[in-house]
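Here's the structure, in structure tokens; my notes come after.
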Amino acid sequence: MGTLHLVRHGQASFGAADYDQLSPLGAEQCRRLGAYWQARGQRFDAVLRGSLKRHAQSLEAIAAGIGGLPEPLVWPGLNEYDSEAVVRAIQPGDIQHPRDAEEMKNHFRLLRTGLLAWMKGESQPLGMPGFSEFSAGVAGALAHVREHHAGGQVLIVSSGGPISVAVGQVLAAPLESVIELNLRIRNSAVSEFVVTPRKHSLLSFNSLAHLDDAPGLHTYA
């Protein structure tokens, strides 16, 4: 058996013109994760990541902390959905970034509704694949790990959407549960699957053990 470690990227740039950019805090979260693994002798036989900037930057910070990693396989099927497109598909018009707690609550209410509509095939966000294609991209990455690295230690750096879908596939969870998993995954959090050639099994979810001594570094966006 092997272990697959799925890591959500560090804090990005929520509310900025370019969200797909790791913040200094996000880089520190991931550097600490690498250092945590280095102190415990963790090594990886293979690495996969999405093709977004925040995935590449998170992996670079992890590598700096751990002291180097194998060359990653870039897997676009591990890229995140477009949350603004998801919301616009059910509520057209300009989207204002949340400025207070009430607006944040409304934002996530709309996002939950939009995600469920997309997952059920009731909406098609502009510029995005259908959910079946999105889900197939995640399943393909998991199949690659089973087929090529079932006995090894594998690292995937991705986003909350693909990681929650992966967990949902392994647990055969309903769509509503996948959405709730998605919205609870913290920046730089680690989830683990046990890997055999036949299947993945959930071992842990959403761990921030590398930030136990720095709770002020816990973020979600």
Side-chain angles (χ1 to χ4, degrees), residues 1-16 18-50 52-72 78 80 83 98 100-101 104-105 107-108 145 152-167 170-171 177-195 200-221:
M1 294 187 295
T3 305
L4 171 60
H5 308 254
L6 300 106
V7 175
R8 186 189 176 202
H9 61 80
Q11 184 192 57
S13 300
F14 185 74
D18 182 12
Y19 172 75
D20 190 23
Q21 180 72 36
L22 214 61
S23 70
L25 175 57
E28 177 63 10
Q29 291 166 335
C30 293
R31 187 201 64 78
R32 283 177 177 248
L33 174 57
Y36 175 87
W37 278 334
Q38 195 277 337
R40 287 155 180 77
Q42 177 68 52
R43 291 294 179 265
F44 292 99
D45 303 299
V47 177
L48 288 78
R49 67 166 174 85
L52 301 178
K53 284 188 293 185
R54 58 189 183 271
H55 299 157
Q57 293 164 356
S58 295
L59 186 59
E60 289 171 3
I62 293 170
I66 200 173
L69 288 167
E71 186 69 21
L78 292 169
E80 184 64 291
S83 61
D100 55 36
M104 184 68 74
K105 182 179 178 181
H107 168 78
F108 282 107
V145 172
Q153 297 292 310
V154 182
L155 171 62
I156 281 180
V157 177
S158 183
S159 293
I163 292 171
S164 62
V165 167
V167 173
V170 168
L171 297 180
S177 297
V178 172
I179 293 170
E180 293 309 312
L181 290 170
N182 180 187
L183 298 181
R184 296 264 56 88
I185 299 178
R186 299 169 291 187
N187 293 122
S188 78
V190 182
S191 300
E192 298 170 306
F193 293 169
V194 173
V195 186
H200 295 273
S201 302
L202 183 64
L203 180 62
S204 71
F205 176 70
N206 204 26
S207 171
L208 286 179
H210 58 290
L211 300 181
D212 277 352
D213 61 346
L217 298 185
H218 293 196
T219 61
Y220 288 85

From CA spacing to verdict: side chain to side chain donor-acceptor pair (under 3.5 Å), Gln153, Gln42: CA-CA 9 Å; Gln153 297 292 310; Gln42 177 68 52; 3.2 Å; yes

Side chain to side chain contact (heavy atoms under 4.5 Å, CB included) evaluation trace for Leu155 with Trp37: CA-CA 12 Å; Leu155 171 62; Trp37 278 334; 3.8 Å; yes

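Side-chain atoms of Asp20 come within 3.5 Å of backbone atoms of Lys53 as a donor-acceptor pair (strictly under, hydrogens ignored). Using modelled atom types, no side-chain atom of Arg186 and backbone atom of Arg8 make a donor-acceptor pair closer than 3.5 Å. Listed for the Glu192 side chain is no donor-acceptor partner under 3.5 Å among the backbone atoms of Thr3. Counting only distance, with no hydrogens or angles, the side chain of Ser58 and the backbone of Gly10 share a donor-acceptor pair below 3.5 Å. One N or O on the side chain of Ser158 and one on the backbone of Leu78 form a donor-acceptor pair closer than 3.5 Å. In this structure, Ser159 contributes its side chain and Gly161 its backbone to no donor-acceptor pair below 3.5 Å. Under the 3.5 Å distance criterion, the side-chain polar atoms of Asn187 are left unmatched by any main-chain donor or acceptor of Gln29. No donor-acceptor pair under 3.5 Å is formed between the side chain of Gln11 and the backbone N or O of Leu25.
Taken to the nearest 0.5 Å, the NE2 atom of His107 stands 5.5 Å off from the OG atom of Ser83. Separating the CD1 atom in Ile66 from the CG atom in Leu33 is a distance of 8.0 Å, to the nearest 0.5 Å. Rounded to the nearest 0.5 Å, atoms OG (Ser188) and NE2 (His218) are 8.0 Å apart. In this structure, CZ in Arg40 is found 11.0 Å from NE2 in His210, a value given to the nearest 0.5 Å. To the nearest 0.5 angstrom, Glu28 atom CD is 4.0 Å from Arg31 atom CZ. Taken from CG in Leu6 to CG in Leu48, the straight-line distance is 10.0 Å, to the nearest 0.5 Å.
Closest non-hydrogen pair, Tyr220 versus Leu183, comes out as CD2-O, 4.2 Å.
For the pair Arg32 and Tyr36, the NZ or CZ position fails the cation-pi test of under 6.0 Å to the six-membered ring centre and within 45 degrees of the ring normal.
The aromatic rings of His55 and His9 are tilted relative to each other, their planes meeting at an angle between 30° and 60°.
Remark: Ser177 pairs with no residue by the side chain to side chain donor-acceptor pair (under 3.5 Å) rule, at least two apart or across chains.
Side-chain polar atoms of Gln21 and Ser13 form no donor-acceptor pair below 3.5 angstrom.
Between Leu181 and Phe205 there is a side-chain heavy-atom pair separated by less than 4.5 Å. At a threshold of 4.5 Å between non-hydrogen side-chain atoms, the residues Val47 and Leu59 count as touching.
Of the candidates Leu202, Leu203, Val170, Leu4, Leu203 is the only one forming a side-chain contact (heavy atoms from CB on, under 4.5 Å) with Val194.
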